[in-house]
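A quick write-up on the structure given underneath.
Note that the numbering runs from 1 along the sequence shown for the chain.
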Amino acid sequence: MIAAAAAMGGFLFGYDSAVINGAVDAIQQRFEVDSAVLGLTVASTLLGSVVGAAITGWLADRRGRISTMRIAGVLFAVSALGMALPFSIWDLTAWRVLSGVAIGIASVVAPTYIAEVSPAAYRGRLASMQQLAIVLGIAASQLVNFLLASLAGGSAHNMLGPIQAWQWMLAAELVPALVYLLVSLVIPESPRFLVRAGRADEARDVLSRVEGGGDRQVTRRISEIREALGSEKPARLRDLRGRFGLLPIVWIGMALSAFQQLVGINVIFYYSSSLWQSVGVPEEDSLLLSLFTSVINIVGTFVAILLVDRIGRRPLLLMGSAGMTVTLAATAFAFSHATVVGEEAQLSFGWGLVALTGASSFVLFYGLSWGVVVWVLLGEMFPLRFRAAAMGVATATQWLANWLVTVSFPSLRDWNLTGSYLIYAAFAAVSFVFVWKYVQETRGKTLEEMTG
């Protein structure tokens, strides 16, 4: 229950990231902007996420994990209202940057916190709750988008009461933001932060609750945490310096984060409605397809939760990389058969089915591997003495890669949709080689055993 409460940040992360999917075309028409400006607005959240992720290590080590969650909750709530009532494309962009700061904070603090309160034997499954919450948030946003568009007559452009349907889509985020704030009031602080802050008695109480065991075992765990911390001072970015500018383990974490995004997964979650419309699918049907894709992602996440502590992190990553390479290539091949009728592209039923199967299979392979396992690894792979700082750097890298993919896709789509998907397939293939050569297994190890 503690892990599920913390993972509410992941739900907001997923909802906030994907809710724009149903509003993309409506926003473009409302403010009369071209593809480049539209891509900048959609991707602006990710620039805020880089900032949020970069400051979270510092913030979480000084203010604590729980206080940091509350800051994110407030930012989610305020930005939801701002995005729903914009005056222009530029203040909408500014509100999306602020929501991105909240996403960046939540994306770092939730997996860090969950890893720090979880017993080693169950840490993979509990840490997977962050990704499960993310995909549930994505699915919830697509369901809300579909229902609101249906209530408004089948289009996000239409009025629904005093404002357009797409504005309600963005405003609905206020509800989970308030829930997140409430649950942050009832969960305990991380025992590892409490030891660092000199609050050993409180840490002892938390460890007794979450790990069990007698006084002797809890005392031993407190000693292990103190030894692993190495210093009473919170870690800083300078602690990550190594032979190649940064320590090798930090480079590996950054690379995992980058590959998780460079395979193009968020093209599906941010633009799938627009993508399907670009090949002739009606708007309401495209929103339904986006919801279907989100359900596939949930299925993949449950598979990962079942397997991550049984077969390990590394095998799942390798399986996912291989599957994503094949399915992305198949999707690209299907899109190459689109025909232009007037000013619109269309896919035949057969090639449309291949494209849908390929895209859905890609999401399934991603969900059962990279979607879950990267968050698990980032929460546990770094030595405790600089975990929060390294987590911040790795997650900031993830958001930068996400921004690059998101801001470039509208222009890439206009250039060559098939070529875009072949680029993502190439990154998936390279990720297989990277995992094979550089990623080590962490299954069954305590956090204090992670030495870099």
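Between the side chain of Arg313 and the backbone N or O of Val308 there is at least one donor-acceptor pair closer than 3.5 Å. The main-chain N or O of Ser44 is never found under 3.5 Å from a side-chain atom of Trp403 such that the two would form a donor-acceptor pair. Of the possible donor and acceptor atoms, one in the side chain of Ser408 sits under 3.5 Å from a partner among the backbone N and O of Val405. Using a distance-only test at 3.5 Å, with no hydrogens or angles considered, no donor-acceptor pair links the side chain of Gln261 to the main chain of Asn402. With hydrogens and angles disregarded, no donor-acceptor distance shorter than 3.5 Å links the side chain of Gln167 to the backbone of Leu85. Arg310 places a side-chain N or O within 3.5 Å of a backbone atom of Leu306 that can act as its donor or acceptor partner. Looking at Trp370, its side chain does come within 3.5 Å of a backbone N or O of Leu317 through a donor-acceptor pair. The closest donor-acceptor contact from the side chain of Arg314 to the backbone of Val439 lies under 3.5 Å. In this structure, the side chain of Thr331 engages the main chain of Ala359 through a donor-acceptor pair within 3.5 Å. Checking side-chain atoms of Ser141 against main-chain N and O of Ile138 turns up a donor-acceptor pair under 3.5 Å.
The side-chain contact (heavy atoms from CB on, under 4.5 Å) test with Trp168 singles out one residue from Leu160, Asn145, Val144, and that residue is Leu160. The residue from Asp91, Ile27, Leu170 that alone fulfils the side-chain contact (heavy atoms from CB on, under 4.5 Å) condition with Pro86 is Asp91. Of the options Val363, Val295, Ile296, Thr301, a side-chain contact (heavy atoms from CB on, under 4.5 Å) to Val135 is made by Thr301 and by none of the others.
Nearest approach of Ala394 to Phe382, heavy atoms of both residues: CB-CZ, 4.2 Å. The shortest non-hydrogen separation linking Leu316 to Ser369 is O-CB, 3.0 Å. Here the closest non-hydrogen pair linking Gly367 and Asn297 is CA-OD1, 3.6 Å. Residues Ile66 and Pro188 come closest through the heavy atom pair CD1-O, 3.5 Å. In plain terms, the two heavy atoms of Thr56 and Gly104 that are nearest each other are OG1-O, 4.0 Å. Nearest heavy-atom pair across Ala5 and Ile187 is CB-CG2, 3.5 Å.
Contact of the Val108 side chain with the Tyr113 side chain is not registered, since no non-hydrogen atoms from C-beta on lie closer than 4.5 Å. At a threshold of 4.5 Å between non-hydrogen side-chain atoms, the residues Leu364 and Val299 count as touching. Between Val78 and Trp95 there is a side-chain heavy-atom pair separated by less than 4.5 Å. At a threshold of 4.5 Å between non-hydrogen side-chain atoms, the residues Gln398 and Leu378 count as touching. No side-chain heavy atom of Val374 sits less than 4.5 Å from a side-chain heavy atom of Phe259. Considering only heavy atoms from C-beta on, Phe362 comes within 4.5 Å of Ile265 through its side chain. For the pair Pro191/Val117, a side-chain contact is recorded, criterion being any heavy-atom separation below 4.5 Å from C-beta on. Between Leu207 and Ile222 the shortest side-chain heavy-atom distance falls below 4.5 Å.
The distance from the CG atom of Leu132 to the CZ atom of Phe11 is 10.5 Å, given to the nearest 0.5 Å. The CG atom of Leu377 sits 6.0 Å away from the CG atom of Leu256 when rounded to the nearest 0.5 Å. With rounding to the nearest 0.5 Å, the separation of CZ in Arg70 from OG1 in Thr68 is 10.0 Å. Going from atom CD1 of Ile20 over to atom CE of Met169 covers 10.0 Å, rounded to the nearest 0.5 Å. Remark: Leu400 CG to Leu47 CG distance equals 7.5 Å, nearest 0.5 Å. The CE atom of Met8 lies 9.5 Å from the CZ atom of Phe76; values are rounded to the nearest 0.5 Å.
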Subject >> From CA spacing to verdict: side-chain hydrogen bond (donor to acceptor under 3.5 Å, both in side chains), Arg96, Thr45 >> reply: CA-CA 5 Å; Arg96 284 188 58 74; Thr45 293; 2.9 Å; yes
Original post:
Checking side-chain contact (heavy atoms from CB on, under 4.5 Å) for the pair Arg204/Thr219: CA distance, chi angles, key distance, verdict?
Top reply: CA-CA 7 Å; Arg204 189 182 303 276; Thr219 299; 2.9 Å; yes
Original post:
How far apart are the C-alpha atoms of Trp375 and Ile134, what are their side-chain angles, what is the distance that settles it, and do they pass the side-chain contact (heavy atoms from CB on, under 4.5 Å) test?
Top reply: CA-CA 11 Å; Trp375 288 113; Ile134 292 171; 3.9 Å; yes
**OP:** Tell me, with the steps shown, if Ile105 and Met69 meet side-chain contact (heavy atoms from CB on, under 4.5 Å).
**Re:** CA-CA 8 Å; Ile105 292 173; Met69 290 181 195; over 6 Å; no
**OP:** Start with the C-alpha gap between Met324 and Phe432, add the side-chain angles, then the distance that decides, and say whether side-chain contact (heavy atoms from CB on, under 4.5 Å) holds.
**Re:** CA-CA 10 Å; Met324 289 189 299; Phe432 182 95; over 6 Å; no
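Scored by the side chain to side chain donor-acceptor pair (under 3.5 Å) test, Ser67 finds no partners at all (sequence neighbours excluded). In this view, Ser190 and Glu116 satisfy the side chain to side chain donor-acceptor pair (under 3.5 Å) rule, not counting sequence neighbours. Partners of Thr41 under the side chain to side chain donor-acceptor pair (under 3.5 Å) rule, at least two apart in sequence or in another chain, are Thr93. Considering only residues two or more places apart in sequence or on other chains, Gln28 meets the side chain to side chain donor-acceptor pair (under 3.5 Å) condition with none of them. Among residues two or more places apart in sequence or in another chain, the ring pair (Phe, Tyr, Trp, His ring centres under 6.0 Å) test is passed with Tyr424 by Tyr421.
Within a 6.0 Å radius of CZ in Phe434, more than 12 heavy atoms belonging to other residues, nucleotides or ligands are found.
A donor-acceptor pair shorter than 3.5 Å cannot be found between the side chains of Thr397 and Ser257. Side chains of Gln164 and Arg30: a donor-acceptor N/O pair is present below 3.5 angstrom, by distance only.
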Identify all side-chain donor-acceptor contacts of residues 179-186 below 3.5 Å with residues at least two apart in sequence or on another chain.
residue : atom : partner : partner atom : Å
Ser184  : OG   : Leu181  : O            : 2.7

